[in-house]
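As structure tokens, the structure follows; a few thoughts come after it.
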Amino acid sequence: MTASGPLVAAEEGGGFHPPSLADFFPPAVLFEGTIFEFNRITLVRIIAAALLVLFFWLAARSPRLVPGRAQSLGEMAVDFVRTGIAEESLGKELGRRYTPLLVVIFFGVLFMNITGVIPFLNIAGSSVIGVPLVFAIIAYVAFIYAGVRAQGGGHFLKGQLFPPGVPWPIYLVLTPIEFLSTFVLRPATLTIRLLANMLAGHLLLVLCFSATHYLFFQAGGAMGVLGAGTLLAGIAFTVFEIFIAVLQAYVFALLTAVYIQLSVESH
């Protein structure tokens, strides 16, 4: 989603144009109509990924016993995920094993989310389904891998689909529900939760700032008072969106850890 669409329309004298879902599908820049189609959102994702790689490269390029600023920041970032998510959900041994994966998920989601409030980017890389779906697939594969590795394929499937302590006729109803819940809805809900939050948040931001532009520069007069109100609302929603970007990254990584923990448990 971009703020440019409504603003450009307003500047052309077309009145106030609220944001729409069309804002999430900007025109192609390269390779239009192919699977390699390149548009503004793709560029934002590449920038976010490059910044993430740059951050950890700077943190790890020359490790020292007494760390510098970049190394300290990198160590604090990894330690937050290791102690706050991995070890908290999985215990020390299992937590350390899956810390690299959870670090990638947390900071990958965070960097894709935070672009929505960075000037000139103005759109979250996770506000279109591709990025949330890729991270959900990574979490899904990790969940199955962890279960199969810990229990073996047959025991893992039995534990997920046939919970113990249930009379066998109940399995006729319970097993399809467990299959749907465990193997279909988990990746789907991970995808939809992240996508919906980032999409809704940025629609609100664009609505506030495009309304501010219209009320200040086109409506004029007393409407400028309302423009001050929408400007303040836009600033407040920007702060809130930063909080949501961090929270959604934390929730995504935490749920991945919880799913891994559930998969390695032997019923």
Measure the [atom1]-[atom2] distance between [X] and [Y] for me, rounded to the nearest 0.5 Å.
X      : Y      : atom1 : atom2 : result
Arg69  : Ser72  : CZ    : OG    : 10.0 Å
Leu101 : Thr256 : CG    : OG1   : 7.0 Å
Phe107 : Phe56  : CZ    : CZ    : 4.5 Å
Leu161 : Ile177 : CG    : CD1   : 12.0 Å
Leu51  : Ile118 : CG    : CD1   : 7.0 Å
Met198 : Gln248 : CE    : CD    : 7.5 Å

Minimum heavy-atom distance between [X] and [Y], given as atom pair plus value:
X      : Y      : value
Tyr259 : Phe143 : O-CD1, 3.2 Å
Ala257 : Leu90  : O-CD2, 3.3 Å
Phe135 : Val104 : CE2-O, 4.1 Å
Leu262 : Gln160 : O-NE2, 3.6 Å
Pro132 : Ser126 : CG-O, 3.3 Å
Ile235 : Phe209 : N-CZ, 4.0 Å

### Task
Evaluate the ring planes of Phe111 and Phe55, with Trp represented by its six-membered ring, and classify them as parallel (under 30°), tilted (30 to 60°) or perpendicular (over 60°).
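Plane angle between 30° and 60°, so tilted.
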
### Query
Do the ring planes of Phe240 and Phe237 sit parallel (below 30°), tilted (30 to 60°) or perpendicular (above 60°)?
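Phe240 and Phe237: perpendicular rings.
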
### Message
I want to check something: taking the side chain as every heavy atom from C-beta on, are Arg45 and Val131 in contact at a cut-off of under 4.5 Å?
### Response
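Side-chain contact under 4.5 Å: yes.
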
### Query
Checking Arg193 against Phe252: charged group under 6.0 Å from the ring centre and within 45 degrees of the axis?
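No, Arg193 does not sit over the ring of Phe252.
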
If you draw a 6.0 Å radius around [atom1] in [X], do more than 12 non-hydrogen atoms from other residues or ligands fall strictly inside?
X      : atom1 : result
Tyr140 : OH    : yes
Phe38  : CZ    : yes
Phe31  : CZ    : no
Glu88  : CD    : no

### Query
Taking the side chain from Asn113 and the backbone from Ala245, do they hold a donor-acceptor pair closer than 3.5 Å?
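Answer holds: yes.
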
### side-chain contact (heavy atoms from CB on, under 4.5 Å) assessment of Arg40 paired with Asn122
CA-CA 10 Å; Arg40 184 173 175 278; Asn122 297 337; 4.0 Å; yes

